[in-house]
Every structure is written in C-alpha cells, then in structure tokens.
Amino acid sequence: MIRNYFKTAWRNLKEHKFHTFVNISGLAFGLATAILLLLWVQHEKSYDRFHKDFSRIHRFTAHLDANTVWEGVPGPLAIYAQSLPEVEGIVRINEWNGQVLATEDRSTVLDGFTTAYVDSTFLSLFNFELLKSRPEQLFPDPYSIVLTESTAKKFFGDDDPLGKVLQFRGDNLTVTGLLHDFPDNSSLAFDAILPMAHYAQRFTADGGNGQWKTIDVDMGSYSFTTFVKLRDGAHPEVVGKKFTQLYKDARNGESTVQFNLQPLADMHLVSADGNNAAARMVQIFLLIAIMVLAIAAVNYINLTTARALVRAREVGIRKVVGASKVQLFLQFIVETALLFCFALLVAVGLIVVLLPLYNDIAGKQLHFSLSNMEIWKVIGYSALGTLLAAAIYPALLLSGFQPLQVMKGKMASGVGVTLLRKALVVFQFAISMVLIVATFVISRQMTYMRKLDLGYDKSYVFSVALPDDAVEHIEAVKNELRNHPGIVNVALSDMYDITNMGNATGDLEWPGKPVNSSLIIAQSSIDKDFIPTMGIQLLEGRNLTGTAADSNLYVVNEAAVREMGLTPPYVGTPISFHDRPGTIAGVVKDFNFKSLKEKISPLLFFHWYDGSMLYVRTTAAEASNAIKAVEQQYQKYAGDSPAPFKYNFVDQQFEAKYRTDQRAGLLFNIFAGIAIFISCLGLLGLSTYTVRQRVKEIGIRKVLGASVASIVQLLSAGSILLVVLAVVIASPIAWWVMNTWLDDFAFRIDIQWWMFVLAGGAALLIALLTVSWQAIRAAVANPVESLRDE
Amino acid sequence: MIKITELQKFYRTEEVETVALNNLSIHVKAGEFVAVMGPSGCGKSTLLNIVGLLDDLDNGSYLFNSIEVAKFNERKRSDLRKHNIGFVFQSFNLIDELTVFENVELPLIYTKVPAAERKKRVEEVLEKVQIMHRRNHFPQQLSGGQQQRVAVARAVVNNPKLILADEPTGNLDSNNGNEVMQLLTELNEQGTTIVMVTHSEHDARYADRIIRMLDGQVLMETVG
Ligand SMILES: Nc1ncnc2c1ncn2[C@@H]1O[C@H](COP(=O)(O)OP(=O)(O)OP(=O)(O)O)[C@@H](O)[C@H]1O
Ligand SMILES: [Mg+2]
C-alpha cells in the first residue's frame, strides 16, 4: 500500500512539472532562508552555554545609580566570596585590548592582542580547553603567560611554545600553557592569559590607588570583570545582596553601589545595563524565519488546494472504486512529504552555496556541516513544522470530497476553500508589505545617521595614541605638525574614541545642586586646540586659553547646563569638579559623542593634564602625507616603546558603530526580497489555475468579441484586489513595528506616508506582473483550441 | 438483492426544492439484468447513485441483501460498496495519470488484495475484456470503446455481486456500444446482477426487465 502511495505520488509530481517546480522552488527558498536565519539565531543563543555549569555561573554588574551600570567591579569582591557558603568559585578578569607582544630578541613584534589577567581559578570555572601545560600549575609564578594556539603560531610557528619567552610591557614572560582558541560562541575571548598575580604586583609597584595598596583591598577601581559560580540552589539575587552589604560594610556604610549577578548565558545578548537590543534582534530574526516558513507553507496550501479542483475528479473515482478517506488522506500526505524531501535537498544545496555569502553579510562564521547534530535539529524542526502546517489541510480537503458531487463537476466546498485561499494570499502579501516598509525605513534611517550633523566635523580627522615622550614634548610636536601643508590643525585630548566616549563621573558640585542629584557627566581632558580642530561650536564664553589658568576653567555642553539646572549667563558659574574649584568658561553646542541611539548627555572639558590622543585634521588630498608626518613625529619620540604606530579616522570609527545595524538592514532587504519572491511564486501558481479553470469561458468570450485587454483585466482584477487589501491591512502593522524599531534611536527619522504608498505600489506592481503574465497568455491563445479541449 | 420501498429524495437549492424521487419502490433479485429508462431529468441517475450507496436517501427503506442500509454513514456505505458493487459510467471516469493496468488494479488495492494476487486477477479480467495488449497504455491513448471496456474491467475485477451502469454506451458508437453490451450480458450470465440506465431501446432489450420512470416515479415495468 505504502509503495503504491509513493508510486502514485511520484507519478503525480512528474506529470505536473510546472506545479511541482513552483512548489519545490517556493519551499526550497523558504526552507533555505529560514534555516540560514535559524542557524544564526541558534548560534547567537548558543553563546557561553558550552561551559558545563553555565547555568550556575554569573557575572557581577555594578549599579552606581539608575542610569550607570558598570561591568567591572572592585577586586576585594573575590576576597568576600570566601565567606559566602553559596559561592563555589570566583574569578576576576582584567582585560586589555590592542596589546603588543614580542619575542625576547624582538625579532617579531606584533600588535593588536587581547590579553587578560585572570585568577588561577579561571580554568576551573570555565571549560576552556587546555591543550598543554608544562608544570602542573597553569601559572607557576607571576611571570607566566598562557597562549592560544593561534597566538603561539604567530610567534613560534609549529614549534612547541612551552618554555619559550615573550615580552609584554617590558617584562619577560615564560609560556607555561597552550589553550585551544576560544570558541567563536564565547563572550570571553582572549589571545593570551596572564596571572592576576602579575597585575597585582604591578599595581602595588605603581603605588596602588591612594590609600589602597593591593588589588585585594582596593575598593575604588571597578576594573575587574568578575564571575562567580554558585552552588546548586543558591539564589543570585540573594548572593548579590550579600556582596553589596559586604562591600558597604567595608566602606563603613558609605556606599550606595549595588552588585547584581547576571547569568553567564545572558551575557552575549543582554548588556550589563539591561539593554537587550541584541536579544530583540535575535527574536526578530526568529520571527522572520517563522514568517518565511509560514509564507512557504501557505504557498503550498494555496497551490495544492487550487489544484484540488483539478484533482477532485480523481479523488471521486478513487472513492467510487473503494478508497477510504483515510487512505486518500495518507496518499496526499505521502505526496507532500515526497515533495518536501526534494525541496529539502534543494534547500540544503542552496544553503551550502549561499553560506559564505551569508556569513559575509551577517558578519558570522557559521559552519555548515551535515555531521553537526545541531544543524540537523534546526533543519528537522523547520522542515517538520512546515510539513505539518502545509500537508494536513490540503490532504483533509482533498480526501473529504464527495465522489458524486466532484464527478458531476460541482465542487464540494468551493466557497470555503476559495475564501481561505484568498485569505492566505492576503496574509502573504501583508507580510511582504511589512517587510518592504521595513526595508525603506531601515535604509532611510541608516542614511539619516550617516548624514546627520553630529555637531562636529568628523571628516578627515584621525587620532593617534602618542608615546609618553611625545606627550612630554607636545608643543614641539604640534608646532612641527602645524607647519606641514597637509595638516589643518592638531589637538590633544584623552578621548580614545570621540564617537563613543565612555569616561564619566558624578563628582561635580555646583551652586544649587539638589541633594539627591544623580547627574553623571562625561569628562575629557582637552587642550585649547581641540574645540576648533574638531569643529565644535562655542556658543557662549570662551575656549581654554593654553595657559596655567586653564587648570580651573571648565567648558561644558548645553546638555550639562540644562541638566544642572543653571540659568544664564552660564559663564562664570563657580563649579567644583573632582574637588577642584573653578568656573565655567564656555558653553559648547551639543555634539554627539556617543551612539546615536542615545540622547546627547552632559559633558565637561577640562585641562589639568595632557591626554595622549592626538587628533589631526587634514584634507582629502593630503591625508596620506599627513599620516606620514605624524608617524615621523611618533617614531622620533617612540624610544623603546613597544607599540607600533597606529591611526584611526574618526568617520571610520563612526561607521563601525553602525555596522551591525547596517548588516541588519541588508539582511532585511534580502529577506524581504525572498518573502516577496515566494509570495509571487504562489500567486503565479494560483493565477495559472484560475486561468485554467476559465479557459472555456475565455474562449467563448473571445469568440463573442472580447479584447485581450478586457480579458486580462477580468482575470487579474481579483488577485489585485487581494493585494490592495493586504496593503491596507499591513500598513498600520508596518507603521507600528517600524516605529518601535525607530524608538531605539534618539536621533531618528519619522515614518512618512509616501513610504507606504511606495511599498504598496511595489507590492501591487509585482503582483500585477505575476498575474497578468498568465492572464495574457490565456487571452492571446486561440479560442478554438480552448473550446475544443473538453 | 435490492428492495427499495417508498423512497424519497429531494434536492434543495436556495430557491427551489426538487423532488428527484417520489415514493419509488423497486425490487431487484439476485442475478437479474434490469434496465432503467425514462426522459431526461426523471431521476434515473439519482436512483442509481442511491442504489450504489454513493448518495443517501431522505425517506423510505433500502434493503441491500436484506440489510437495512438507509441509515448507513459514509464509512459503512464505503465498506459495503467496495466489496459488493462495481460502477460503469457514461464518461468512463478513468484516472488519466494511471495506466490501464493500474486503473483496473485500483479497487483491489483498496480492498488490500496482495500484489501477486492482484496481478493475476487484473490480467484475467483484462483478458476477458480483450484489452490485455493495451495494459500499459494511458486512458488518453485509447478509443472510447476501449476506455469503456477498461472501465467495465475495473468494475468487475473485485467480483462484485452487483454492477451499476449509468448510460454505459452513451458516449460510444453502435459498434463499440454493442461490444460493451455483450460484455455486460456475459457477466450477467455468469451470475452478476446488473442495473443499467439507458436511453437506448436497443440496449434495453439486452435486459431481463425494463423499468420505465417518469418524474421520480416508476411508470411501468416490462419483462423481456
Ligand atoms: N445535485 C443536484 N442538485 C439539485 N438538483 C439535482 C441534483 N442532481 C439532480 N438534480 C435534479 O434531480 C432530478 C433528477 O436528476 P437525474 O440526474 O437523476 O436525472 P436523469 O434521469 O439521470 O437525467 P439524464 O437522463 O439527463 O441523465 C432533475 O430534475 C435534476 O435537475
Ligand atoms: Mg442521468
């Protein structure tokens, strides 16, 4: 019996090539797209879950006030842990980016490493794979270093790295272990790890932090990302409260900081301050995957029920000769399953071909290997889900036909089915419409951000981190550079990245400051050239002077005076910054120094010390010469400083901040395209059947003198009406969805009515082309043929 | 074999109610060959569909082999039908996607006859209707008469006790028509009960008895 089902199914697929082709391509594209999306979603959700006890591991976050959350916490927390029975283990991590490592003879000097000082408990908390370690201990003494395979390869090739020596910040360190490279779904990823003891030694040698001389007592530096592993059954909130209390006690009750515990598994998608934009993105992509599958399933249902009209007679005959409803139901299920197998094969092929491109666009390193169980899970679930959604209704419908009625040519449930089919077309096009609008809105927002006036001029400015010696002689360096024809201006600051300035404080006093004020103000040391060099606009008062007087002059932005609640004139207002009394010398216009997703926050410029970041404004034509000139100065003062010369253009730093959003935008375009394509395949299939059903009618009409145009109109009108309905339904949904998305941005466009008109027009046009293709074919056909065909 | 009494059948559409069969009673004995005649629209096909358990009735009683089937549901009717009744239609009603062999095999598949047995029986019956040489052809590749012979083969392959034929020669010329009538007569001689609807006096004369209908009622019966 089963064999017979397969034979019949195979025969049917082969006989009706067009139907099969449309169905398979719709399903294959749908499955391929959805599986790619789901692979991405799965990868995002797999972060940090490979640790055996991930569910018991938490990260500390420090809540300074309602708006300020830091990922680093003070070192002594690790000491407190010893007195808490709930804590099984704790590890502090102190991470450094852009580090330089060199071989002992300095024959190889490489930059750009991410290193981390870690407590020796690191590998007992986390399950990172240690490939080799010479002594039993990972770090036998403070001058040890453990490398990842890739890092070791860079310095020692295929030689055994154990026992070799690397230079790091002037110290010679012995390689005592080799780690497998950190997995790409690990939030923690370093090129080398070093013993915390090394950091502790340096800290103490450098004089510590004020009264605190070791990292284990320093309560002022929030510089350790710290993870705890709790015992089974311990409550993270309770443990967090205990740490908070212990810290408060240690500070004699003078602390309002709260320490919370964030699950390790959430760390990748939810930032320390609770911002879950990334998690939302994953949800959105999951939703899109489901929608694409839904569209594909709907397609199948539509096409199959449309063809049911043609197959009804077959069903009737089978029933008359003895087929039961169950048998027919199974037959149609087998047919769908068979079609699905082909579609799945094609989909897997598509995935293999498209994965590199997809990785490129999504900025991922997803691997597709059929031996990966996880991938099969994704494929299995999506295929099975879609199969169930697509197979059951048509099979029920077809097997339910009453033989008498269908053989007489009367459809059993004509109205209901047609209505359902229409509803499904509306559904498909509504989704497509939402995606088209999303595409418009996202690309407009991206353009808007790129072209937004940031309040300073980000073009042709680059920054360089100067060696200490150059900072000592900064006036000479600046003079030298100013004389270069390709350099418009130079300035010094401590701002590492003007497009994302993180340094902020609450340590500011002013007359009339409310007692409960929780104002946090961004702070940056600049020289008198910075404001003019960056093209920041001075609204009131004056700039820094470049004289000793600068040490008690402050320049603030508009947001600062507003949030401090000052009244004009602002200039001359006495304020105290980090206990240094001074006055406001000038007010600058607000400019964006953080993500455009955030409002411009208060900012204060001061000048007590020199920063080490040189900002250089050049021109389009002279940029490369300017860089050379700066490098010359750099090398002149570099001495034995190990860091190689490096520069960053501000506009590129800016672009990099929005790469994820741009990627999301691009992916959206692609998925919208695919969704529309699949919907059109469905519409194409449907219109083919509509036309086929009316072949005779068309023939008669033509014989009676109908024009081609009038017939095309007759055949297309119905479908077009459905698309119009879809547009009407989808518009408010699209508006709501995209408005919610835009709410993430403090600097955003407004959704315009023309976006809906354009999107609707596009959907209509595409639908019209699809439908009229079939209609025209039917309309121009010779009527005699269609009439003869009985 | 068939004992129908006081049968009523209505068709309701939005505007009108048609009485297709009105207090009709007939009786067919096992082994009989009965022809049903009458003007178009008098209810012949409706009657045949009810006899064949394809359709239900509104009033009256229907004893099939002494079993009351008037109240049978779709599943029970289907069960009874597939083991006892074969159908031949005016428009052949073969499945275009299946070959001659497969079309004839179909009823055996649905009654779960094993494959080897199926092959034997299909070949036997194809032999009998003299279409064996076309066993691998598709219906569209056959003449009307050949197609109807296949349809007859399909109707009898399960050895049904009753064959219902609705204008089996309606789409055939007289030569082909006669061949099919010959076939039905042979089957009847071998013991199969046959009820046939026809417009042709000539074909009706093959039957033992002719029932003439008018407006959903039996007008008269003639025994041949
Ligand atoms: N599905 C239906 N819905 C409504 N009325 C119907 C239906 N089927 C048949 N009828 C009506 O019932 C009556 C009997 O129809 P039936 O098909 O039995 O006639 P017939 O004797 O077979 O005619 P013909 O010789 O033309 O085949 C007719 O008046 C017909 O219009
Ligand atoms: Mg009839």
Side-chain angles (χ1 to χ4, degrees), chain A residues 1-20 307-332 334-335 338 396 398-410 412 414-415 692 788-790, chain B residues 9 11 13 45-46 48-50 52-56 73-99 102-115 118 138-140 150-151 153-158 160 164 166 171:
Chain A
M1 186 65 90
I2 290 286
R3 238 192 74 215
N4 193 270
Y5 289 159
F6 271 102
K7 196 171 75 184
T8 319
W10 170 244
R11 192 74 70 60
N12 244 308
L13 297 182
K14 223 172 58 181
E15 277 304 299
H16 304 277
K17 292 200 180 62
F18 179 71
H19 177 84
T20 307
R307 203 156 83 85
L309 298 170
V310 180
R311 296 193 67 178
R313 197 178 140 263
E314 175 198 334
V315 173
I317 298 170
R318 284 183 185 271
K319 280 203 164 177
V320 167
V321 302
S324 72
K325 193 172 162 156
V326 176
Q327 285 168 327
L328 285 173
F329 179 80
L330 287 177
Q331 183 194 325
F332 288 116
V334 165
E335 207 172 299
L338 195 66
L396 273 179
L398 276 165
S399 59
F401 283 149
Q402 293 302 310
L404 258 190
Q405 283 159 315
V406 293
M407 284 192 309
K408 272 189 172 172
K410 284 178 195 144
V415 185
R692 190 179 296 171
R788 201 171 43 206
D789 178 48
E790 253 295 54
Chain B
K9 175 76 184 173
Y11 287 112
T13 56
S45 297
T46 305
L48 209 65
N49 291 334
I50 290 174
L53 298 165
L54 287 173
D55 210 349
D56 53 5
N73 64 15
E74 161 70 24
R75 211 173 55 80
K76 277 176 144 178
R77 277 195 264 146
S78 157
D79 257 6
L80 199 58
R81 195 168 65 217
K82 74 176 161 196
H83 289 110
N84 295 294
I85 306 174
F87 290 89
V88 179
F89 301 93
Q90 175 177 356
S91 52
F92 322 139
N93 277 336
L94 300 174
I95 296 179
D96 294 336
E97 285 82 8
L98 302 181
T99 62
E102 288 162 347
N103 263 292
V104 176
E105 188 189 21
L106 219 46
L108 297 177
I109 290 177
Y110 291 127
T111 45
K112 305 212 164 86
V113 176
R118 285 207 301 265
F138 286 92
Q140 301 295 335
V150 175
R154 188 180 62 185
V156 302
V157 70
N158 239 348
L164 301 176
D166 196 344
N171 278 353

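Predicted, not measured: the structure shown is a model, and the values here were computed from it. Just the heavy atoms: all of them, side chains too, but no hydrogens, waters or symmetry mates, feed the values below.
- Annotation: the span from B/F92 atom CZ to A/I317 atom CD1 amounts to 12.0 Å, rounded to 0.5 Å.
- Across all their heavy atoms, A/V320 and B/R81 have their closest contact at O-NE, 4.0 Å.
- The part of A/K7 that comes within reach of chain B is its side chain, from C-beta onward, which places non-hydrogen atoms under 4.5 angstrom from that chain.
- When heavy atoms are compared at a cutoff of 4.5 Å, B/L53 does not approach chain A at all.
- A/K325 places no side-chain N or O within donor-acceptor distance of the main-chain N or O of A/K319, the cut-off being under 3.5 Å.
- Interface residue B/R154: only side-chain heavy atoms are found under 4.5 Å from chain A.
- Across every non-hydrogen atom of B/F87 and B/A155, the tightest pair is O-CB, 3.4 Å.
- Your options are B/I85, B/L106, B/N103, and the one with the most heavy-atom pairs under 4.5 Å with chain A is B/L106.
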